[in-house]
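First comes the structure, then the notes that go with it.
This chain uses plain numbering: 1 for the first residue, then up along the sequence.
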Amino acid sequence: MSETRRKLTTIFCADVQDYTRLMGADEEGTLASLKRCREAMGRLIESHGGRVINTWGDGLIADFPSVVEAVRAAVDTQNELAGFNARRPADGRMLFRIGINLGDVIVEGDDIYGDGVNIAARLQASAAAGGIVISSTVYDQVRNKVAVGFEFLGPLMVKNVAEGVPSYAVKIGDARDETPPAERSGPARPQPQPAVMAAAISEARPAPRGSRLYGVLAVIAAVLICINLLSWQGIFWARFPVLALAVVAALAWNRDQTLFNRKITSLAIVALGIAGINLFTWTGQFWAMWPILGIAAVMGVRWSMRR
């Protein structure tokens, strides 16, 4: 008998918009595309610390110990699948809808059950094709930690849940679904009051945290260089703190970028920092090759185990 217990986790649900229509038009091609998309989604989920729990038909469910990483995985997934669909005809695109909820669930073996899962599935059903909808419990955890915008959608009614679940659409670029809201699957969403909408719009504008940080680091670096030059005694000591500031800026950029695997990129940034220290303290020996070789080995292992 498998043990039954409860845990707080982040539930990630996804399915394909118009899957039945796609299967009716081209069964083999649709299955091949679904397999390819699922492989990409599974790889991204794993790279963000998540676990695929189950797949059925065109659906997928996963869970994450980190709310922030769950949203980042969803954003990375939609960005990667957008590139895949850009090369396909408009009527043959495989567009996923993703819903994310943070809730207490029942764990039995490798499966999870409960209202937390049901809410995630309902959020997914209300998402636009190629879009992401999150619950307010997720929004409260990620609104200042992920470089995306949010649009308040109002309370979402869920079966067996007495009160509506406040929900937010994640804004990750231009809308990929031009279907009018009234024609999307699921019941019509209650419209928020003007005062609530105004507050939601102001929250939806992502603060340019990265730009401010880079500006602050650049000012600090310039001040250090000026101090070094104005108190010149034949030694350019500012090169070391400036290098440290450059590494901090690169790590800050890596935190929010979605083009590369963040853990592998972090190792590459550290390797470049070590190489910089070696060059700034050059005594005729490139000792940095040994730690860089070790980092390269770790990067290679992580790359080979991503799938």
Side-chain angles (χ1 to χ4, degrees), residues 12-48 50 52 54-62 70-101 120-134 146-154 156 167-189 191 201 204-206 256-261 307:
F12 174 114
C13 283
D15 82 346
V16 180
Q17 174 84 357
D18 293 335
Y19 181 70
T20 302
R21 176 185 63 79
L22 293 171
M23 285 292 289
D26 180 7
E27 285 188 350
E28 293 184 358
T30 297
L31 287 174
S33 295
L34 178 62
K35 181 179 179 181
R36 180 174 176 181
C37 291
R38 271 191 179 158
E39 288 177 350
M41 191 178 300
R43 168 174 51 80
L44 291 169
I45 288 171
E46 182 180 348
S47 71
H48 285 277
V52 175
N54 203 351
T55 59
W56 68 97
D58 61 321
L60 177 146
I61 184 170
V71 174
R72 286 176 173 167
V75 172
D76 287 355
T77 294
Q78 295 294 32
N79 285 333
E80 182 159 330
L81 295 184
F84 168 73
N85 284 306
R87 301 186 294 271
R88 301 176 62 84
D91 60 351
R93 293 175 179 173
M94 182 160 287
L95 301 172
F96 278 79
R97 302 173 298 187
I98 298 176
I100 304 176
N101 179 48
R122 184 66 186 88
L123 293 168
Q124 165 261 304
S126 69
I132 306 165
V133 173
I134 62 176
V146 182
V148 294
F150 302 94
E151 178 188 354
F152 182 61
L153 301 178
L156 180 69
S167 57
Y168 295 79
V170 178
K171 311 298 288 184
I172 53 177
D174 295 333
R176 301 191 180 111
D177 179 30
E178 300 300 330
T179 306
E183 298 180 9
R184 292 179 190 155
S185 62
R189 306 185 187 102
Q191 296 299 314
I201 291 173
R205 299 183 185 127
D256 295 326
Q257 61 90 14
T258 59
L259 297 175
F260 311 102
N261 181 282
R307 300 182 61 167

Mark yes or no for whether [X], through its side chain, and [Y], through its backbone, hold a donor-acceptor pair below 3.5 Å.
X	Y	result
R88	F84	no
R97	C13	no
D26	G29	yes
D58	V16	yes
N85	R93	no

Check against side chain to side chain contact (heavy atoms under 4.5 Å, CB included), I172 and Q78: CA-CA 8 Å; I172 53 177; Q78 295 294 32; 3.5 Å; yes

State, to 0.1 Å, how close [X] and [Y] come at their nearest heavy-atom pair, and which atoms those are.
X	Y	value
S126	V133	OG-CG1, 4.0 Å
A62	I45	CB-CD1, 3.9 Å
L123	S167	CD2-CB, 3.7 Å
V71	I100	CA-CD1, 3.9 Å
E80	L44	OE1-CD1, 3.7 Å
T30	M23	CG2-SD, 3.7 Å

Kindly state each residue pair satisfying salt bridge (charged side-chain N to carboxylate O under 4.0 Å, His left out) with at least one member in residues 27-37, sequence neighbours excluded. none

Which residues satisfy the side chain to side chain contact (heavy atoms under 4.5 Å, CB included) test with A14, sequence neighbours excluded?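 For A14, the residues satisfying side chain to side chain contact (heavy atoms under 4.5 Å, CB included) (neighbours in sequence not counted) are F12, M41, F96, I98.
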
The test is side chain to side chain contact (heavy atoms under 4.5 Å, CB included); show your working for N101 and I134 and say whether it passes. CA-CA 6 Å; N101 179 48; I134 62 176; over 6 Å; no

Decide side chain to side chain contact (heavy atoms under 4.5 Å, CB included) for V52 and L60; before the verdict, give the C-alpha distance in whole Å, the side-chain angles of both, and the deciding distance to 0.1 Å. CA-CA 7 Å; V52 175; L60 177 146; 4.2 Å; yes

How far apart are the C-alpha atoms of E151 and V170, what are their side-chain angles, what is the distance that settles it, and do they pass the side chain to side chain contact (heavy atoms under 4.5 Å, CB included) test? CA-CA 7 Å; E151 178 188 354; V170 178; over 6 Å; no

Kindly compute the distance separating CD1 (I132) from CD (Q124), expressed to the nearest 0.5 Å.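 The CD1 atom of I132 sits 12.0 Å away from the CD atom of Q124.
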
Measuring from R38:CZ to L34:CG, what's the distance to the nearest 0.5 Å? 4.5 Å

